[in-house]
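Just so you know, ligand 1 is whichever comes first in the structure, and atom 1 is the first atom listed for that ligand. In this text the structure is predicted, and so the values were computed from the model without any measurement. Atom set for the values below is all heavy atoms of this structure, side chains included, hydrogens, waters and symmetry mates excluded.
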Amino acid sequence: MSLTIEQRLDAFKRLDEVKLTFAKRDWFPGTSGNLSIKLTDQPLQFAVTASGKDKTKLTPEDYLIVNEDAAPVEPTSLKPSAETLIHAVVYKKIPQAKACFHVHTLGNNLISELYFGQRAFSIQGQELIKGLGIWEENASIAVPIVENFADIPKLAAAIEKVITPDIPGVLIRNHGIYAWGASDFEAKRHLEAFEFLFEYHLRWLQLRHVSLPAT
Ligand SMILES: CSC[C@@H](O)[C@@H](O)C(=O)COP(=O)(O)O
Ligand SMILES: [Zn+2]
């Protein structure tokens with residue numbers, strides 16, 4: 001299914017906007033991170049960040065269109081993200097996902113290591129869980145954590161095993177998080193909610209033994 005120029009430009013513009021927002025938060029240290037927006041199903045085609053680029057910058061060559069095998073669908077000198085297969089896995093396993101964002105932050109790396117033994121990070125009763133679209137009273141979530149592998153097909157297979165539509169994200173041990181949503185707006189909201197919950201929990205771990213004045 002061929003894409004219109006308007007489809008491509010709209011996706012690239014949306015990716016620019018979210019990329020600059022995340023860049024302002026220092027969420028792309030050392031060229032880490034990658035972003036994608038789905039364009040078509042049957043066949044799966046999505047726009048993804050080019051590999052190895054400084055994601056704090058906007059250039060005319062930041063994105064390319066790939067298929068479910070992570071191969072470019074148009075002639076290009078750009079290399080797709082080294083982790084493009086992971087985005088493809090998310091789009092194939094979670095049909096509702098229309099955008100998928102990956103960042104490496106200190107918060108998500110620390111949480112992924114602290115709780116890797118449980119293969120999930122659980123948190124309950126935090127208002128920002130609503131940012132994940134979960135509005136139950138005193139809701140509890142468990143964010144899955146997988147081992148990190150340099151072999152991307154192996155990492156993608158590990159992720160495919162654990163992701164579900166219930167929790168729009170997955171942590172990779174000492175690496176980062178993938179978060180997705182039914183739009184770029186929702187994927188951004190989910191990622192922001194995850195990162196807030198990680199930071200809250202880490203700060204709570206630091207402060208919980210502080211003696212507070214008697215009330
Ligand atoms: C340079 S450290 C981060 C990379 O190894 C990778 O984990 C990453 O997130 C970015 O890879 P990229 O190929 O630029 O999309
Ligand atoms: Zn990464």
Side-chain angles (χ1 to χ4, degrees), residues 11-12 14-39 44-74 76-91 93-94 97 99-113 115-116 121 143-163 168-181 184 187-188 190-192 194-195 198:
F12 292 3
R14 290 168 180 271
L15 287 169
D16 274 350
E17 285 166 7
V18 76
K19 193 170 82 160
L20 280 185
T21 302
F22 291 170
K24 285 191 192 110
R25 298 175 187 164
D26 289 333
W27 281 6
F28 295 128
T31 75
S32 64
N34 37 73
L35 310 170
S36 74
I37 285 183
K38 184 164 78 172
L39 293 163
L44 174 61
Q45 297 179 106
F46 54 95
V48 70
T49 40
S51 183
K53 301 199 89 168
D54 178 350
K55 282 92 179 187
T56 66
K57 303 260 184 301
L58 296 186
T59 80
E61 297 195 310
D62 287 334
Y63 315 109
L64 60 161
I65 314 292
V66 294
N67 63 20
E68 65 176 306
D69 300 319
V73 299
E74 309 165 321
T76 177
S77 58
L78 298 177
K79 190 168 155 294
S81 162
E83 298 171 345
T84 299
L85 266 185
I86 298 171
H87 293 257
V89 156
V90 169
Y91 291 132
K93 179 110 189 244
I94 315 285
C100 183
F101 301 151
H102 169 59
V103 295
H104 301 204
T105 64
L106 274 179
N108 66 42
N109 271 256
L110 287 165
I111 290 288
S112 70
E113 179 59 13
Y115 294 95
F116 178 70
F121 165 67
V143 186
I145 308 173
V146 298
E147 181 58 90
N148 191 29
F149 300 104
D151 177 307
I152 297 303
K154 189 173 177 183
L155 178 55
I159 288 172
E160 199 276 341
K161 279 203 187 87
V162 300
I163 59 175
V170 60
L171 280 160
I172 306 170
R173 185 185 190 185
N174 285 324
H175 179 153
I177 188 169
Y178 278 84
W180 53 86
D184 46 316
K188 174 177 178 286
H190 292 164
L191 183 58
E192 288 171 344
F194 281 127
E195 292 294 333
F198 300 152

Q: With the side chain counted from C-beta on, respond yes when Tyr178 and Glu83 share a heavy-atom pair under 4.5 Å apart, and no when they do not.
A: yes
Check your understanding: Would you say the side-chain atoms of Lys38 pair up with the backbone N or O of Ala99, donor to acceptor, closer than 3.5 Å?
Key -> no
Parallel, tilted or perpendicular: ring planes of Phe12 versus Tyr63, cut at 30 and 60 degrees = tilted
Residues with a heavy atom under 4.0 Å from ligand 1, by chain and number, are Gly30, Thr31, Ser32, Gly33, Asn34, Ser51, Gly52, Lys55, Ser81, Ala82, Glu83, His102, His104, His175
- Where the side chain of Lys19 meets the backbone of Leu35, is there a donor-acceptor pair that is under 3.5 Å apart? no
With a cut-off of 6.0 Å (strictly less than), are more than 12 heavy atoms of other residues, nucleotides or ligands near CG of Leu20?
yes
Under a 3.5 Å threshold, yes or no: a donor from one side chain and an acceptor from the other, between Asp62 and Thr59?
yes
The atom of His175 among N, O or S that is nearest the Zn ion (ligand 2) is NE2
- Query: Does Glu17 reach the side chain of Lys188, with side-chain heavy atoms less than 4.5 Å apart?
  - Reply: no
Between Glu83 atom OE1 and His102 atom NE2, the angle centred on the Zn ion (ligand 2) rounds (to 10°) to 80°
